Visitor: 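Attaching a single structure in C-alpha cells format; questions to follow.
Keep in mind that what you see is a predicted model, and the values were worked out from it rather than measured. Counting convention: from 1, in listed order, for ligands and their atoms alike.
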Amino acid sequence: MAANSREKIIVIDFGGQYNQLVARRVRENHVYCEIYSYRTPLEEIRAMNPKGIILTGGPNSVYEENAATCSRELFELGIPVLGLCYGAQLMSQVLGGKVAKAPVREYGKIEVTVDKSSAIFSNVSEKTVCWMSHNDYIEKAAEGFKITAHTNDCPVAAAENREKNLYLIQFHPEVLHTVEGKKMLSNFVYKVCGCAGDWKMDAFAEEQIKAIREKVGNGKVLCALSGGVDSSVAAVLLSKAVGEQLTCVFVDHGLLRKNESEEVESVFGPGGNYNLNFIRVDARHRFYVKLAGVSEPEQKRKIIGEEFIRVFEEEAKKIGKVDFLVQGTIYPDVVESGLGGESAVIKSHHNVGGLPDYVDFKEIIEPLRDLFKDEVRKVGLELGIPDYLVFRQPFPGPGLGIRIVGDVTEDKVRIVQDADYIYRHEVEKAANEYAYKAAEESGTPLDKEAPDHALLRSFWPSWMPDQYFAALTNMRSVGVMGDERTYDYAVALRGVKTIDFMTAESAEIPYSVLQTVMNRIINEVKGVNRVMFDLTSKPPGTIELE
Ligand code: XMP
C-alpha cells in the first residue's frame, strides 16, 4: 500500500519519555502510527496525509531560548491536532496563549474534573484520576480555546478549539496511571480524527508478503537468522513470499543456550515447517579459539561480533551474488537509532543481523521496520511460528559470551548452559502452575495439553521476571560434597522485571523456587558448588553481567 494512502496518525516527538507509548496506544486502536522529530518540515508532514497529529511531551520549557518548537502553520493544515503536556503548552504558546512556571508543581496521580461534552472526554467520568508531571502550566489558553478540564492547582488541564479541531491535554493519557487515558486517546482517534481502524496484524502479514513478492521478483535473498523473534518472523515472511529464493544462514557460535541450535534447525531446517534454504554453520570451535584467554568484556564483545561477520561473509560468498539482504529491524530500533524521533541513541549493541558492508547485495529488506515488539509477536503467531520462538526471552547477540564473567572456555559454556536450562525450566514450571490455578479460579480454565500461550502468560504471577538467566561468575570457592572438599564455580541467577530494558528491578521469585533451582544445579551441574541470586537493579547494574 502506498505510504500516504494508509490511514495513519503521526506523533511529533519533542523528546519526552513516553513518546513510543503514545504511538503504541494509537496502534492499539488499530490505527497505524509513526513518530517523527519536531524538526520534520511541514511539507513532509502534509505529504504524509495523516488523519491526525499528536504533539508529545518534552523535557524543556516552551519559553526557554532554543526550546523545541513548531510553526503556527502546523495548526492550520486542517488536520486535527492533540497536544500532550509539553505539546499542549507549545500549542497554547504558538497560538497566542500564555505559559509560565506553575505556582504549584503537579506530579503524580491527580484528580481531574473534565467537561464531558468534549469529544475527547466522551464516556469519561467527570472526576477522573490522571498522571500529571509538569513544572510549567498554561496560565491563559489561546484565543478561541474553551477549557475542558481542570484540577485544584491547574486551571487549564485540557482545552479545545472545536471549530479548528485543536485539542490539548496537560496530563499524560498514554500512561496507565491515567485511569481513563486509553479512552481519551481512542476518542481522539475515532471521534475527532474519524479513523476507520483497519490496521490489523493479519492484514499486515498479507500485505507484506505481497509487497515482498513484487519487490523481489526472481531475485535471491539472504537472511542472517539468529533464532530470535525478530529475525525468525522476518525469515518466515520472506519464505512465505519467495520460498526457496531465500537462504537463511544460522551461525552457531557456541554461545547459544542449551539445545537452541537444534531447536532453530528443527523449525527452519530440512523437514521443518518452512520452505527455504537453511544453512547452519557450526562455528563453535572457531569462536572458542578466538576467545581463549580473553577476559576483558568489551574485547570479548568485539571478537564475537567480528568473528560472526567473518563467518557470515564466508557463507554469503559461497552463495554468490544475492540481490537482497533481510534484516529484522523493528520500529523501536528505527526510533532509537535517531532515524525517527528525538530520543537520544542509548547504546549500540551487537546484533546478529546488520552486515551490509560485507556482503555483495543490491538492497536491504526490513519487513518489520514499522512494528513494535508485541506486534512482531502477533505477526509471528499469525504466521504459525511456534510459541516458544515467538515468546522467547531477549537474548543478546554475543550470547553466553557476556554471561560468563572472565575468559570463555567450552567447559564454562557447558556449565552455564546446564545451569540456565534448569533455572528456566523451574521458573517456568512454577509460573505455569500458578497460571493454571489462577485461570481455573477466574473461570477460564486452560487446556494443559495445548494451552494458548499468550493467555497462559497473562495469568503468570507478578513475580515472573521479564528476563531471567543463569550466569557464571569468575569466582571459585571451597565447598564440601559428600565427604569431599570441592573448589568450584559460583553460578549467579539473574531475574529482572523491566518494561523497556533501560531500567530494571530484581524480580521477587519465591524462595522455594530458588531453592529447588539451587539444589538441582548443585546436584546436576558438574563444576558448580555455589548458587547466588543477583539482586542488583539497573542502574547501577546492567541486566547482563558484562
Ligand atoms: P544490559 O545488559 O545493557 O541489557 O542492561 C539490556 C538488554 O539488552 C540485551 N543486550 C543485548 N542485546 N546485543 C543484543 O542484541 C547485545 O550486545 C546486548 N547486550 C545486552 C540484554 O539481554 C537486555 O535484554
Side-chain angles (χ1 to χ4, degrees), residues 20 223-235 250-257 260 264 287 290-291 294 296-309 311-312 326-337 343-355 366 368 372-374 376-377 389-406 408 416-417 420 423-424 427 464-473 492-507 534-546:
Q20 290 202 21
C223 173
L225 185 65
S226 71
V229 58
D230 303 340
S231 72
S232 297
V233 173
F250 171 65
V251 177
D252 180 352
H253 53 21
L255 303 164
L256 297 168
R257 285 168 292 193
E260 197 163 0
V264 173
F287 279 83
K290 283 271 164 180
L291 286 168
V294 181
E296 206 282 311
E298 276 309 305
Q299 209 186 338
K300 279 162 55 178
R301 278 178 179 268
K302 221 166 143 225
I303 289 172
I304 299 167
E306 281 174 7
E307 195 60 12
F308 183 88
I309 289 169
V311 174
F312 187 79
V326 183
Q327 294 201 305
T329 320
I330 67 170
Y331 196 57
D333 303 335
V334 176
V335 178
E336 261 186 27
S337 64
S343 334
V345 176
I346 314 282
K347 58 186 159 194
S348 50
H349 275 156
H350 156 60
N351 267 317
V352 186
L355 310 156
E366 295 174 309
L368 310 176
F372 286 102
K373 194 79 166 189
D374 54 330
V376 173
R377 293 209 167 97
L389 273 184
V390 169
F391 290 110
R392 245 179 58 152
Q393 290 189 51
F395 187 64
L400 302 180
I402 56 172
R403 293 182 181 171
I404 294 171
V405 178
V408 175
V416 82
Q417 277 181 338
D420 181 66
Y423 183 37
R424 284 188 289 131
V427 168
M464 186 62 170
D466 296 300
Q467 189 172 8
Y468 61 106
F469 54 85
L472 191 61
T473 71
L493 305 177
R494 190 95 172 104
V496 295
K497 296 292 286 182
T498 174
I499 292 177
D500 53 10
F501 297 90
M502 300 294 177
T503 60
E505 298 291 330
S506 171
D534 180 353
L535 273 174
T536 325
S537 52
K538 173 183 179 178
T542 52
I543 295 176
E544 302 293 345
L545 268 70
E546 291 202 326

Visitor: For Val390, is there any backbone N or O sitting under 3.5 Å from a side-chain donor or acceptor partner on Arg377?
Guide: yes
Visitor: CD/Gln393 to CZ/Phe469 distance, rounded to the nearest 0.5 angstrom?
Guide: 8.5 Å
Visitor: Within the distance-only criterion (no hydrogens, no angle test), does the side chain of Lys300 pair as donor or acceptor with the backbone N or O of Ile404 below 3.5 angstrom?
Guide: yes
Visitor: With heavy-atom distances below 4.0 Å as the criterion, list the atoms of ligand 1 near Pro398.
Guide: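 The list of qualifying atoms is 13 (N), 16 (C), 17 (O).
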Visitor: Within a distance under 4.0 Å of any heavy atom of Lys538, pick out the atoms of ligand 1 and give their elements.
Guide: 1 (P), 3 (O), 5 (O), 6 (C)
Visitor: Taking only heavy atoms of Phe501, which atoms of ligand 1 are found under 4.0 Å from at least one of them?
Guide: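 In order of number, 6 (C), 24 (O).
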Visitor: Return the NZ to OG1 distance between Lys538 and Thr503, rounded to the nearest 0.5 Å.
Guide: 8.0 Å
Visitor: Just wondering, do Ser231 and Leu225 contact through their side chains at under 4.5 Å, heavy atoms?
Guide: yes
Visitor: Which ligand 1 atoms, with their elements, are less than 4.0 angstrom from a heavy-atom of Thr542?
Guide: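 With Thr542 as reference, the close atoms of ligand 1 come out as 1 (P), 2 (O), 5 (O).
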Visitor: What do you reckon, does Arg301 put a non-hydrogen atom under 4.0 Å from ligand 1?
Guide: yes
Visitor: Ion pair present between Arg301 and Glu544, side-chain N to carboxylate O less than 4.0 angstrom?
Guide: no
Visitor: Flag Glu544 as yes when one of its N or O atoms lies below 3.5 Å from any N or O atom of ligand 1, and as no otherwise.
Guide: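 Yes, since at least one N or O of Glu544 sits under 3.5 Å from an N or O of ligand 1.
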Visitor: Report yes if some N/O of Phe395 lies less than 3.5 Å from some N/O of ligand 1; otherwise report no.
Guide: no
